[in-house]
Amino acid sequence: MQRKNVIVGQSGGPTAVINASLYGVVYEALNREDTLGTVYGMINGIEGFLHDQIMDMKPLEQSGELELIKTTPGSYLGSCRYKLPEDLNDPVYPELFEKFAAKNIGYFFYIGGNDSMDTVSKLSRYAETIESDIRFIGIPKTIDNDLVLTDHTPGFGSAAKYVASTVREIAVDASVYDNKKSVTIVEIMGRHAGWLTAASVLARKFDGDNPVLIYLPEVAFDPDAFIEKVKASLEHTPNLVVCISEGINDGNGTFVCELASDVGVDTFGHKMLTGSGKYLENLVKDRIGVKVRSIELNVCQRCSSSMLSKTDQKEAIASGAYGVKCAVEGATGKMIAFHRSQLASGDYCIDYVMEDVNLICNQEKTVPLEWISKDGSDIKDDFIRYAAPLILGEVTVPTEEGLPKFAYRK
């Protein structure tokens with residue numbers, strides 16, 4: 001019986017460990033030569049595959065480059081933000097499956113977030129309608145940590161570590177001018193879910209330390225209440241650091257950044273948010289009159305490998321490998337999820353399980369309201385206990401002649 005081939009792709013924004021997930025899939029698949037055939041990589045995701053852009057991953061193992069991508073930031077295979085049609089009768093579906101057949105594909109793995117799981121859902125549902133035996137598995141990825149039915153997602157731990165470390169450095173910088181009042185506003189990614197902004201609480205070293213105020217999109221934002229909170233906080237912390245999610249809003253669908261300018265949309269219809277920090281900077285300047293600046297972490301927080309979390313990398317690799325195992329055993333239309341448990345010793349532990357991708361795509365997991373202070377300006381210790389294990393451990397980057405070597409696809 002002819003062995004079926006494997007294809008894997010990456011989609012959406014990059015993370016510090018999206019390539020670790022790719023490593024997990026490819027390494028596991030290449031080590032099942034008795035069951036699986038050629039392992040292909042999609043260049044620029046499903047969009048690239050539609051244009052026949054694929055590569056054989058086997059030479060990476062032979063050259064040693066496969067090991068290097070575990071610590072390579074960005075998306076080694078390239079990415080896309082291509083949305084498959086809602087209508088499964090669209091001609092793109094038979095076109096895709098004809099291409100799968102031409103390459104003898106039996107296993108499809110897609111590493112990504114919410115929109116990527118939507119792709120896995122559509123392909124698996126279409127496969128069912130035509131009685132195709134191709135198995136479709138989603139491997140989770142997103143710094144936003146907003147996928148449902150999983151404790152957390154690969155990419156979040158490293159991004160959270162970066163945010164906490166960077167905010168700590170910003171707080172130290174602000175503290176040197178302690179003879180004059182100032183406000184520093186740090187804008188962090190997070191449209192509807194404030195997980196990454198909440199991670200800024202990990203920058204604190206003691207009660208009352210910066211960032212003193214933290215605002216997430218889960219709670220309605222009141223500019224007047226914000227100004228009063230800043231005024232009160234400046235009385236005990238003259239060099240105030242405030243962290244906000246880019247998606248803070250009035251609770252009725254209007255983002256704070258929309259108060260200052262028009263907001264465009266991307267290919268998925270999501271509003272492109274920018275400027276919340278700048279809007280609040282101007283508000284503080286006009287209403288309080290102290291020295292104020294805003295800092296937007298922007299893409300820096302997505303895939304910096306300088307503070308890569310060892311826990312995050314380990315779990316990313318394991319999720320990719322487990323996805324291959326599940327597919328070989330017959331699973332399809334699933335996403336690999338993390339279920340947290342606690343050992344008798346009290347140590348953090350994760351179990352890898354399968355969840356129905358149709359119940360995950362187009363859903364959003366937000367920070368529990370009980371983890372946010374009543375007035376919406378701070379984060380409780382519940383979140384710290386949740387996030388602290390995810391940022392642990394340091395990763396040594398492979399070197400050649402003492403210099404880091406990165407394995408970007410050529």
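Keep in mind that what you see is a predicted model, and the values were worked out from it rather than measured.
Among residues two or more places apart in sequence or in another chain, the side chain to side chain contact (heavy atoms under 4.5 Å, CB included) test is passed with P91 by none. With sequence neighbours left out, D378 forms a side chain to side chain contact (heavy atoms under 4.5 Å, CB included) with R204, I214, S373. Under the rule for a side chain to side chain contact (heavy atoms under 4.5 Å, CB included), the partners of P217 that lie at least two apart in sequence or sit in another chain are S245, N249. The side chain to side chain contact (heavy atoms under 4.5 Å, CB included) test applied to T129 returns Y126, not counting sequence neighbours.
Residue K314 places its NZ atom among 12 or fewer non-hydrogen atoms of other residues, nucleotides or ligands, all under 6.0 Å distant. In K365, the NZ atom is crowded: over 12 heavy atoms of neighbouring residues, nucleotides or ligands sit closer than 6.0 Å.
Note on ring orientation: taking the six-membered ring where Trp is involved, the planes of Y348 and H152 are tilted (angle from 30° to 60°). Using bins of under 30°, 30° to 60° and over 60° for the plane-to-plane angle, the ring pair Y322/Y352 lands in the tilted bin. Ring geometry for W195 against W371 counts as perpendicular: the plane angle is over 60°, on a 0 to 90° scale with 30° as the lower cut. Under the 30°/60° scheme for interplanar angles, the aromatic rings of F109 and Y107 are found to lie parallel.
Checked options V367, L216, L202, I384; the residue passing with I379 is L216 (criterion: side chain to side chain contact (heavy atoms under 4.5 Å, CB included)). Paired with F156 under the rule side chain to side chain contact (heavy atoms under 4.5 Å, CB included), one option of I143, I391, D144, L390 passes, and it is L390.
Side-chain contact check for I170 versus D173: every heavy-atom pair is 4.5 Å or farther apart. Using a 4.5 Å heavy-atom threshold, the side chains of I185 and I244 count as touching.
We find that E128 and R125 are not joined by a salt bridge, their nearest charged nitrogen and carboxylate oxygen being 4.0 Å or further apart. Salt bridge annotation for E86-K122: present, with a cationic side-chain nitrogen under 4.0 angstrom from a carboxylate oxygen.
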Next item on the list: Decide yes or no on side-chain contact (heavy atoms from CB on, under 4.5 Å) for R302 and Y162, but give the supporting numbers first.
Entry: CA-CA 9 Å; R302 289 206 303 198; Y162 177 89; over 6 Å; no
Note to self: As a quick check of understanding, evaluate salt bridge (Lys or Arg N to Asp or Glu O under 4.0 Å) for R168 and D209, giving each step before the final call.
What the structure shows: CA-CA 10 Å; R168 181 72 244 157; D209 193 15; 2.6 Å; yes
Side-chain donor-acceptor contacts of residues 13-27 below 3.5 Å, not counting sequence neighbours, with atom names and distances?
unit_1, atom_1, unit_2, atom_2, d
T15, OG1, V17, N, 3.0
T15, OG1, I18, N, 2.9
N19, OD1, Q10, NE2, 3.0
N19, OD1, Y76, N, 2.7
N19, ND2, T72, O, 2.8
N19, ND2, G74, O, 2.8
S21, OG, A316, O, 3.4
Y23, OH, E67, OE2, 2.7

Show me the donor-acceptor pairs, under 3.5 Å and distance only, between side chains in residues 92-103 and residues at least two apart or in other chains.
unit_1, atom_1, unit_2, atom_2, d
Y93, OH, P85, O, 2.5
K99, NZ, D52, OD1, 2.9
K99, NZ, D52, OD2, 3.4

